[in-house]
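What follows is a single structure, written as structure tokens, with notes after it.
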Amino acid sequence: MKKNRYDVVVIGGGAAALYLCALLKGRSVAVLEASDRVGKKLLATGNGKCNLTNVNCSASAYNDSRVSDYLAAYGPAETMHDFEAMGLALRRIEDRIYPYSECASTVSDVLRSAAQRNGVDIRCLHVAENIIRHGKTFTVQGTATADGKKTSFGMDCYCVVVACGSAASAGRDSLGLFRGTGHTVRPFVPSLAPLRTDRESVKGLSGVRVKCSLSLGERKESGEVLFKDNGISGIATFNISAEFARGRAEKGDTVLVDFMPDRTEEEIVRFIAATGGNAVSALRGMFHSRVAERIATRAQRDFAGNADALNLAKTIKNYPITVTGLSDASQAQVMSGGLSLGEFDGHLCSLLCDGLFAAGETLDVDGLCGGYNLQWAWTSAHAVAEGIAEKFS
Ligand SMILES: Cc1cc2nc3c(=O)[nH]c(=O)nc-3n(C[C@H](O)[C@H](O)[C@H](O)COP(=O)(O)OP(=O)(O)OC[C@H]3O[C@@H](n4cnc5c(N)ncnc54)[C@H](O)[C@@H]3O)c2cc1C
């Protein structure tokens, strides 16, 4: 008969939960994970390399400026120190930090080993469905699957940590767990996600990757953009998509692509003129053939058939794409929405339900690409670990 009484039950076995379990010492802890293994999403991060933090992490990368207090208490420096103490060698690439192995599974292996050393009971294929409070204790109820058979379970504890992430990628929306707690829950919407665009602007470009910059009003992002049948993707696009999730942009807004961000309009005109031939043919030596064709077609359309060097240069520097929406959750890296930080204390313990903690993406905190989202998973898990330690002291 398996034990069903713990000091702490953690719902979700992702990045935040594993980090918490690596930090929590001297307590009996169970992790309930809905899928067949813990840390699945972690394995997909940073294209399998896991960009686990960013040395320039500040609140400006997030949707909620209140994260600054949590980051001040435990930011990238403390995280890197603790990861190295757990035995994870790190590598810095520009401002981004990766495991030295550049292999996300190394991060998950190190965290799982630390959790194991702390005696954490990890239960996969356990879906939490309900949190019931009885005075100072809780029962977490749910359904477990074993050998194809489903059974109900109930686990008693003094503290519950909700670390069930978001619906992004193959994740689950478990915000229903907060029904009855009195918490304000903002429904999830994709934040770092491909943008759907008008078809004409991306016609014929599906599968082409370009290094360029994107602007949306004052916001500018440089990097690789991947063209798709119905829109654009890639890191620069994801960071622009956050503007839509944060309500600073809306459907119908225009994103301008600068296909040659390191050259001025005048330099481009001079380059085209120096080729000596037809201005449109010069594009073939500057871009992927399908990009060249699209720029020429666009210049001809926008400048009444006059695709001369100047009009081509204008189109190259300001190629307009109309955004028709964000892709759905399955294609998003991160979701905006969840539980408001304002209803939690400095240790991420609920102000409405003592003993209930939250960590990671379940909270309404989302960051840009570059290691900020995982940093929030580590920072929030550390805050919870301190809160739990204080509760039992
Ligand atoms: C493709 C991809 C690449 C990314 N790359 C990066 C990157 O390089 N750097 C970065 O900073 N961020 C990256 N992110 C974002 C980052 O992965 C997330 O922000 C982070 O994993 C959130 O951690 P979490 O613990 O809150 O949630 P998760 O890691 O999603 O874990 C939540 C867990 O809870 C489980 N769960 C949900 N509901 C229940 C329930 N009711 N009962 C039991 N279990 C449940 C889920 O199965 C899941 O395992 C990436 C995301 C994706 C999808």
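Whatever order the structure lists ligands and atoms in, that order sets their numbers, starting from 1. Scope of the values below: all heavy atoms of this structure, side chains included, with no hydrogens, waters or symmetry mates. Note that the numbering runs from 1 along the sequence shown for the chain.
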**G39, A332, S174: member with heavy atom nearest to atom 38 (N) of ligand 1** = S174

**Item:** Short side-chain to backbone donor-acceptor contact, T254 and P320, under 3.5 Å
**Value:** no

**Prompt:** Is it the side chain (CB and beyond), the backbone, both or neither of W376 that lies under 4.0 Å from ligand 1, heavy atoms counted?
**Reply:** neither

**Request:** Identify the protein heavy atom lying closest to atom 25 (O) of ligand 1, giving its residue, its atom name and the separation to 0.1 Å.
**Result:** A16 N, 2.9 Å

**Item:** Region of L32 that comes within reach of ligand 1 [heavy atoms, distance under 4.0 Å]
**Value:** backbone

**Item:** Option set A15, G14, S191, criterion heavy-atom distance to atom 23 (O) of ligand 1, minimum
**Value:** A15

**Request:** Using distance alone, determine whether Q375 and ligand 1 share an N or O pair under 3.5 Å.
**Result:** no

**Prompt:** Do the side-chain N and O atoms of R246 and S191 include a donor-acceptor pair separated by under 3.5 angstrom?
**Reply:** no

**Item:** For atom 2 (C) of ligand 1, the option (of H126, M335, Q333) bearing the nearest heavy atom
**Value:** Q333

**Message:** For V334, which part has a heavy atom under 4.0 Å from ligand 1: side chain, backbone, both, or neither?
**Reply:** side chain

**V38 contact mode with ligand 1 (heavy-atom cut-off under 4.0 Å)** = neither

**Asked** Between D95 and N54, do the side chains contain an N or O donor and an N or O acceptor separated by less than 3.5 Å?
**Response** no

**Prompt:** Looking only at heavy atoms, is any part of A163 under 4.0 Å from ligand 1, and if so is it the side chain, the backbone, or both, or is it neither?
**Reply:** backbone

**Request:** Answer yes if the side chains of D229 and S206 hold a donor-acceptor pair under 3.5 Å, and no otherwise.
**Result:** yes

**Message:** Considering C50, G46, A34 one by one, which has a heavy atom nearer to atom 43 (C) of ligand 1 than any of the others?
**Reply:** A34

**Asked** Taking C-beta and beyond as the side chain, do K228 and V202 meet within less than 4.5 Å on heavy atoms?
**Response** no

**Asked** Do the charged groups of E224 and R209 touch, with an N to O distance under 4.0 Å?
**Response** yes

**Item:** Ionic contact status for R66 with D64, cut-off 4.0 Å
**Value:** yes

**Item:** Within-4.5 Å side-chain heavy-atom neighbours: L43 and V107
**Value:** no

**Asked** What residue and heavy atom of the protein are closest to atom 17 (O) of ligand 1, and at what distance?
**Response** T45 CG2, 3.3 Å

**Item:** Close aromatic pair by centroid cut-off 6.0 Å: H183 and F344
**Value:** yes

**Asked** Is A128 close to ligand 1, meaning an N/O of one under 3.5 Å from an N/O of the other?
**Response** yes

**Flag side-chain contact, heavy atom, 4.5 Å: L256 against K220** = no

**Request:** Could you tell me which atoms of ligand 1, counted from 1 in the order shown, lie closer than 4.0 angstrom to a heavy atom of L374?
**Result:** 9 (N), 10 (C), 11 (O), 12 (N), 20 (C)

**Asked** Taking N or O atoms only and a 3.5 Å limit, does E361 qualify as a polar contact for ligand 1?
**Response** yes

